[in-house]
Amino acid sequence: LAIATYSGAAGIMALDSLQGSDLVVPELSAYSAGKLQAMAPSWLHVGNPVDFWPIMMGQPDRGTAMRDILNTLLSDDELDGVIVQQLAFTPLHGEALRMRLSNQANEHPYKPMIAGIPGPASAECIANIQSDGKLVAYPSPERATRAFKHLWQYSKLRNGIAMSGI
């Protein structure tokens, strides 16, 4: 599981929410870490959780940078899914975020991605994301993480049933 956040504090909140679950937040693969480190400022150590704000700030187009960061994580076969957290400050910002996340979900339909979107325009952004039907979004890191834990438990249950022949 990768956690991609707009701040280190949001990443810590997501990690705290995973306590007591069997979900693992591993070190990034050498490929993903190298690709993200190449985009990052020299002072930033890229790890998991990925604090993408400093990476985006150093790029000429922040939207493209976020797309590249998420694409790197969603393309990594060593990761089973991604929790992404980004603020929605205004309706315009929320719409750009919706389009970006929905496009990423279209490009990676077999890799689960759940979004935590706090901020003043989060309710509208979340409603629009969910009406697209590509991914789910929640207004806090804790709720997004809790949803991923339930998705993981459901997947394990279904796999267990399928393997038992029930």
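Remember, it's a predicted structure, so these values are computed and weren't measured experimentally. Excluded from the calculations below are hydrogen atoms, water molecules and symmetry mates; all remaining heavy atoms, backbone and side chain alike, are included.
Screening residues 5-16 for salt bridge (charged side-chain N to carboxylate O under 4.0 Å, His left out) gives no qualifying pairs among residues at least two apart or on separate chains. Residue pairs meeting the ring-ring contact (aromatic ring centres under 6.0 Å, His included) criterion with at least one member in residues 89-144, sequence neighbours excluded, are Phe89-His93. Residue pairs satisfying the ring-ring contact (aromatic ring centres under 6.0 Å, His included) criterion with at least one member in residues 141-160, sequence neighbours excluded, are absent. Legend: ring-ring contact (aromatic ring centres under 6.0 Å, His included) pairs involving residues 12-66, not counting sequence neighbours: none detected. Within the structure, salt bridge (charged side-chain N to carboxylate O under 4.0 Å, His left out) contacts touching residues 136-155 (residues at least two apart or in different chains) do not occur. Pairs passing the ring-ring contact (aromatic ring centres under 6.0 Å, His included) check and including a residue from residues 59-87, sequence neighbours excluded, do not occur. Within the structure, no pair that satisfies the salt bridge (charged side-chain N to carboxylate O under 4.0 Å, His left out) test touches residues 56-84, not counting sequence neighbours.
Looking only at side-chain heavy atoms (C-beta outward), Ile117 and Gln86 stay at 4.5 Å or farther from each other. With contacts defined as side-chain heavy-atom distances shorter than 4.5 Å, the pair Leu70/Leu101 qualifies.
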Candidate pair Met113 and Val136, rule side-chain contact (heavy atoms from CB on, under 4.5 Å), full reasoning: CA-CA 8 Å; Met113 176 172 55; Val136 294; over 6 Å; no
From CA spacing to verdict: side-chain contact (heavy atoms from CB on, under 4.5 Å), Asn71, Gln104: CA-CA 7 Å; Asn71 191 52; Gln104 287 294 316; 3.9 Å; yes
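Contacts of Asp22 classified as salt bridge (charged side-chain N to carboxylate O under 4.0 Å, His left out), with partners at least two apart in sequence or in another chain: Lys156. Annotation: salt bridge (charged side-chain N to carboxylate O under 4.0 Å, His left out) contacts of Asp132 (sequence neighbours excluded): Arg98. Asp51 is linked by a side chain to side chain donor-acceptor pair (under 3.5 Å) to nothing, counting only residues two or more places apart in sequence or in another chain. Residues satisfying the side chain to side chain donor-acceptor pair (under 3.5 Å) criterion with Thr90, sequence neighbours excluded, are absent altogether.
A donor-acceptor pair is defined here as one N or O able to donate and one able to accept, closer than 3.5 Å; no such pair exists between the side chain of Ser102 and the backbone of Met99. Using a distance-only test at 3.5 Å, with no hydrogens or angles considered, a donor-acceptor pair links the side chain of Asn48 to the main chain of Pro26.
When each of Val25, Leu73, Leu74 is paired with Leu79, the side-chain contact (heavy atoms from CB on, under 4.5 Å) condition holds for Leu73 and for no other.
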Using atom types as modelled, flag every donor-acceptor pair under 3.5 Å from a side chain in residues 2-12 to any protein atom, sequence neighbours excluded.
{"from": "Thr5", "atom 1": "OG1", "to": "Ser7", "atom 2": "N", "distance (Å)": "3.3"}
{"from": "Thr5", "atom 1": "OG1", "to": "Ser7", "atom 2": "O", "distance (Å)": "2.5"}
{"from": "Ser7", "atom 1": "OG", "to": "Ala9", "atom 2": "N", "distance (Å)": "3.4"}
{"from": "Ser7", "atom 1": "OG", "to": "Ala10", "atom 2": "N", "distance (Å)": "3.1"}

